[in-house]
Amino acid sequence: MNALVGNLMAPPAPLRIEDVRLPVVMMRDILLKTIFRKNIETVSDLSRAICLPVPVAQELVDLARGQKLVEATGTLHANSGGEMGYQLTGAGKARALDALAQSEYFGAMPVPLETYAEQVRRQSVRDIPISRDELGRAMGQLVLPQTLMDQLGPAVSAGRSILMYGPPGNGKSSISNGIRDAMGDRIFIPRAIEYAGQVITVYDPIIHSAAEETPDDPTALRRSANRFDNRYVCCDRPTVVTGGELSLEMLDLVYNPTARTYQAPLQLKSNGGIFIVDDLGRQKESPQALVNRWIVPLEENRDILALQSGEKFEVPFDTLVIFSTNFHPNEIFDKAALRRIFFKIRIDGPTQEDFLKIFALVAKKRNMPLDRPALDYLLEKKYPDIENVYANYQPIFLIDQMISICRFEGIPNQMRPDLIDRAWENMFVSAAHIDH
């Protein structure tokens with residue numbers, strides 16, 4: 001288990017029903033629905049299903065027994081440590097069906113919104129200390145100028161919004177991924193949260209990468225001292241990546257009318273991590289509209305969501321938002337919007353020296369022998385045609401093209417001026433008129 005589980009970032013497991021901080025009726029109904037839907041008979045299995053410690057699950061079972069909704073079967077399960085078996089009574093089944101008609105949600109007890117907000121503050125993405133060496137390692141084999149690292153470091157450590165702009169093909173997306181890798185610690189994501197009796201699922205295995213863990217023995221009277229609240233999942237800091245498909249609707253709660261539950265929007269799922277808006281300016285909505293939607297979150301670290309009823313409520317917004325665009329900021333934002341983006345970093349193409357470093361790294365990785373005369377031909381005959389404008393994607397593109405040509409021609413990987421000419425033709429589209 002990651003060391004973070006034992007420190008103050010870990011949410012403590014509840015010791016009593018009161019520590020769960022949910023309405024007792026809601027907890028009881030989730031218990032009944034879970035027993036009904038999963039056909040659970042023992043408290044240890046129920047503890048795992050509702051993600052509460054065994055003593056707390058036993059308290060809930062005793063509460064339901066006192067209301068004649070659950071009864072003991074008198075059966076001792078040998079394969080479960082000789083545990084007593086339980087089942088729903090007729091009244092318990094009726095109550096479970098009635099509760100399912102109101103909400104299909106069952107399983108893990110949700111975390112109250114207020115409790116979740118406390119946890120978000122404990123594991124905030126703000127002010128994470130990241131050294132120059134750590135950021136450099138996270139960027140892997142990216143060849144970046146020192147001046148760019150000078151800008152990226154404070155931006156990542158602050159955990160504030162970043163706008164990266166510049167010509168296409170110079171690694172803005174790769175740098176965003178490197179920033180994600182630089183935040184190498186783990187946080188706790190709730191399986192679901194509760195507000196005003198409504199359940200909002202948050203944990204998403206597509207977005208959240210759960211850490212490996214060794215579960216405690218659910219039948220043990222005492223759970224290990226560093227055990228965290230199992231209503232959360234210990235995960236790597238999340239990263240949500242969106243591109244041209246991002247719309248304003250994706251930033252709202254998603255209501256499931258059949259289950260009568262909600263799913264958290266993308267920015268809520270990314271709390272404690274990074275939200276990357278790639279290719280800004282290609283979305284259905286304008287960049288100005290997207291930033292306007294985030295004016296309050298970016299400035300006040302809180303977002304406003306709405307239930308089906310129209311009721312609005314606040315949720316924490318603790319996300320490093322990275323906007324990446326090929327447009328100049330002045331073309332897509334007004335001055336007020338630009339003020340709200342804390343760091344604005346231009347990503348230019350490499351110098352010729354850095355271009356050659358990238359070329360050599362890619363060639364080595366692709367098993368392409370470097371040829372100095374062929375490189376001289378590339379630099380002296382081809383690049384002057386495009387005013388010696390270099391881009392980070394070009395070495396990979398040209399080398400992969402030459403490898404494909406060599407494979408087709410049945411010759412070993414090699415660099416020659418004629419192969420460079422053929423690769424170069426595929427890198428640019430001719431402006432010549434096409435007859436229809």
Side-chain angles (χ1 to χ4, degrees), residues 1-16 18-22 27 30 47-54 56-57 105 107-130 159 180-195 199-216 218 223-240 261-275 297 301-303 305 314-321:
M1 176 65 69
N2 188 276
L4 290 178
V5 173
N7 76 5
L8 294 177
M9 279 176 59
L15 302 177
R16 303 174 302 277
E18 295 79 13
D19 298 334
V20 183
R21 297 170 71 177
L22 288 171
M27 288 190 285
I30 291 176
S47 166
R48 280 187 284 267
I50 63 176
C51 298
L52 292 178
V54 168
V56 181
Y105 183 83
M109 289 288 171
V111 176
L113 177 57
E114 297 82 2
T115 305
Y116 170 57
E118 295 169 5
Q119 181 61 30
V120 169
R121 287 191 288 272
R122 280 197 290 267
Q123 60 193 26
S124 175
V125 76
R126 310 277 185 245
D127 301 318
I128 296 177
I130 296 176
R180 173 196 63 197
D181 294 341
M183 297 179 173
D185 58 346
R186 290 170 176 166
I187 62 172
F188 298 86
I189 306 294
R191 301 173 194 272
I193 59 176
E194 175 271 340
Y195 171 76
V199 178
I200 303 166
T201 58
V202 178
Y203 174 71
D204 183 342
I206 296 175
I207 290 173
H208 301 116
S209 178
E212 293 290 331
E213 64 170 290
T214 302
D216 289 330
R223 300 175 74 90
S224 57
N226 67 345
R227 180 66 187 172
F228 62 86
D229 187 342
N230 201 38
R231 292 179 294 168
Y232 295 82
V233 181
C234 183
C235 299
D236 297 330
R237 288 191 180 269
T239 301
V240 172
T261 59
Y262 293 86
Q263 184 179 139
L266 292 175
Q267 72 275 18
L268 188 57
K269 292 180 180 180
S270 69
N271 265 343
I274 302 174
F275 192 118
N301 301 329
R302 62 184 179 90
D303 197 8
L305 301 176
E314 291 183 7
V315 295
F317 184 89
D318 185 70
T319 302
L320 169 56
V321 181

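Sequential numbering from 1 along the given sequence is applied to the chain's residues. What's counted below: heavy atoms across the whole structure, side chains too, no hydrogens, waters or symmetry copies.
In this structure a side-chain-to-backbone donor-acceptor pair under 3.5 Å is present from Q123 to F188. Remark: the backbone N or O of D318 is paired with a side-chain donor or acceptor of N271 at under 3.5 angstrom. Between the side chain of S47 and the backbone N or O of L52 there is at least one donor-acceptor pair closer than 3.5 Å. Put simply, the side chain of R191 never gets that close to the backbone of Y203: no donor and acceptor are under 3.5 Å apart.
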Yes or no on side-chain contact (heavy atoms from CB on, under 4.5 Å) for V111 and Q119, after CA distance, side-chain angles and deciding distance?
CA-CA 10 Å; V111 176; Q119 181 61 30; over 6 Å; no
So Q267 and L305, side-chain contact (heavy atoms from CB on, under 4.5 Å) or not? Walk me through it.
CA-CA 11 Å; Q267 72 275 18; L305 301 176; 4.1 Å; yes
Taking it one step at a time, do L113 and I200 satisfy side-chain contact (heavy atoms from CB on, under 4.5 Å)?
CA-CA 10 Å; L113 177 57; I200 303 166; over 6 Å; no
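Across all non-hydrogen atoms, the minimal contact from I128 to S124 is CG1-O, 4.0 Å. Here the shortest heavy-atom pairing between A182 and I130 reads O-CD1, 4.1 Å. Minimum heavy-atom separation, A264 to K269: O-CE, 3.3 Å. Here the closest heavy-atom approach between residue R16 and residue V56 is recorded as N-CG2, 3.9 Å. Between V202 and P190, the shortest heavy-atom distance links the atoms CB-O, 3.4 Å.
In this structure, the side chain to side chain contact (heavy atoms under 4.5 Å, CB included) partners of D229, at least two apart in sequence or on a different chain, are P11, P14, R231, Y232. Among residues two or more places apart in sequence or in another chain, the side-chain hydrogen bond (donor to acceptor under 3.5 Å, both in side chains) test is passed with Y262 by none.
Residues E194 and L22 meet the side-chain proximity criterion, which asks for heavy atoms closer than 4.5 Å. N301 places none of its side-chain heavy atoms less than 4.5 Å from the side chain of P316.
The distance from atom OH of Y195 to atom OH of Y116, rounded to the nearest 0.5 Å, is 16.0 Å. Note that CZ of R21 and CE of M27 are 12.0 Å apart. Values are rounded to the nearest 0.5 Å. In this structure, CG in D204 is found 10.0 Å from SG in C235, a value given to the nearest 0.5 Å. Distance check: M183 CE to R237 CZ gives 7.0 Å after rounding to the nearest 0.5 Å. Between atom CD1 of residue I30 and atom CD1 of residue I50 there is a gap of 9.0 Å, rounded to the nearest 0.5 Å. Interatomic distance, CE of M9 versus CZ of F228, reported as 11.5 Å (0.5 Å rounding).
The residue from L320, T319, V125, V240 that alone fulfils the side chain to side chain contact (heavy atoms under 4.5 Å, CB included) condition with I274 is L320.
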